[in-house]
Amino acid sequence: MPVFAANLTMMFTEWSFLDRFDAAAEAGFSAVEYLFPYEFAPEQIEERLQRNNLTQALFNMPPGDWAAGERGVAALPARFADLTAGVDRALDYAEATGVKRMHMMAGIADRHDRDARASYRRAIDHAAPRLAEKGIDLLLEPINARNMPGYFLNSFDFAREIIAEAGLANLRLQFDIYHCQVIHGDVTMRLRNAFDDVGHVQIASIPSRNEPDGEELNYPFLFAELDRLGYAGFVGCEYNPRGKTLDGLGWFEAYRRS
Ligand SMILES: O=C(O)C(=O)[C@H](O)CO
Ligand SMILES: [Mg+2]
């Protein structure tokens, strides 16, 4: 049975960010993920994880100026200094939280641009060994163009080519089922074919990106498929609740850890 991680960036927004850890644990989650912890001191995050006996499943490295529209810097040749500083900062939070996988966002760039591809590979070659020293996986996530127009890594095939070319044991695929369905469809077969690369899974309904309990995909089938495949990682609940978070957790009843 999958272990679900509440995404505290999108869920439990009725609470302040730090109080979301308590609310998620109270709701029965044993793990959490979020986009960015950097507004808070590492110790503040660590304290909430420990207080609630939560596992930190994932977070993202610093993405550049998110408010200004930046969505990562790894594929931006002029931003390598920001990339390396971001890796160092993320590792400080990794030490405090015990996270074992981090997502490095690529940025808004043309994936066919040679300089962008070279910059992305340079960023991977810089980040992966530093994370490997701490036993941490470096995750690459394809993101669909509807949600993130112009994003560099916008294909699961492209992401897997990059992972294969790099040949780094801790370079893994962040398999967001929502993005896979929007970009490609054929989710079950893509999950099966990519399974050896998968370092993290995320879920949401398609097309509304709400609770995984309706619309296009049969998530109970996909959760059973993850079990059949022997997936031992986390499933990040990266969805926008339709209403109050707690009112939308009916789907979770069958999977809640007692
Ligand atoms: O957009 C997503 O699906 C993600 O998981 C990124 O980490 C944040 O945009
Ligand atoms: Mg995602």
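Atoms within a ligand are numbered from 1 in the order they appear, just like the ligands themselves. FYI, side chains are in, hydrogens and waters are out, and symmetry mates aren't considered; it's all heavy atoms of this structure.
The heavy atom nearest to atom 7 (O) of ligand 1, out of those in L58, N7, N60, is found in N60.
Of all N, O or S atoms in E141, the one lying closest to the Mg ion (ligand 2) is OE2.
For N147, no heavy-atom contact with ligand 1 is shorter than 4.0 Å.
Taking the ring axis of F21 as reference, the NZ or CZ atom of R51 does not stay both within 45° of it and closer than 6.0 Å to the ring centre. Judged by the 6.0 Å and 45° rule, R228 forms a cation-pi pair with F221.
Heavy atoms of R209 come nearer than 4.0 angstrom to ligand 1 in at least one pair. For the pair R71 and ligand 1, no heavy-atom separation below 4.0 Å is found.
Distances below 4.0 Å separate heavy atoms of D176 from the following atoms of ligand 1: 3 (O). Of all the atoms in ligand 1, the ones that sit under 4.0 Å from a non-hydrogen atom of H179 are 1 (O), 2 (C), 3 (O). For ligand 1 and M148, the ligand atoms under 4.0 Å from any heavy atom of the residue are 9 (O).
Aromatic pair F36/F59: centroids not less than 6.0 angstrom apart. Centroid-to-centroid, the aromatic rings of Y239 and Y178 stay 6.0 Å apart or farther.
Looking from atom 8 (C) of ligand 1 to the surrounding protein, the closest heavy atom is L35 CD2, 3.3 Å. The protein heavy-atom contact nearest to atom 6 (C) of ligand 1 is E141 OE1, 3.2 Å.
The heavy-atom pair separating A132 from N170 by the smallest distance is N-ND2, 3.4 Å.
Polar contact with ligand 1: absent for W66 (N/O pair, distance under 3.5 Å).
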Practice item. Give the intermediate values and the outcome of ring pair (Phe, Tyr, Trp, His ring centres under 6.0 Å) for residues H200 and F175. Key: CA-CA 6 Å; H200 190 63; F175 197 109; over 10 Å; no
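Of the angles at the Mg ion (ligand 2), the one spanning OD2 of D176 and OE1 of E238 is 90° when given to 10°.
Contact annotation: Q174 places no N, O or S atom under 2.8 Å from the Mg ion (ligand 2).
Remark: side-chain polar atoms of H179 are paired, donor with acceptor, to backbone N or O of N144 under 3.5 angstrom. In this structure, T9 contributes its side chain and L35 its backbone to a donor-acceptor pair below 3.5 Å.
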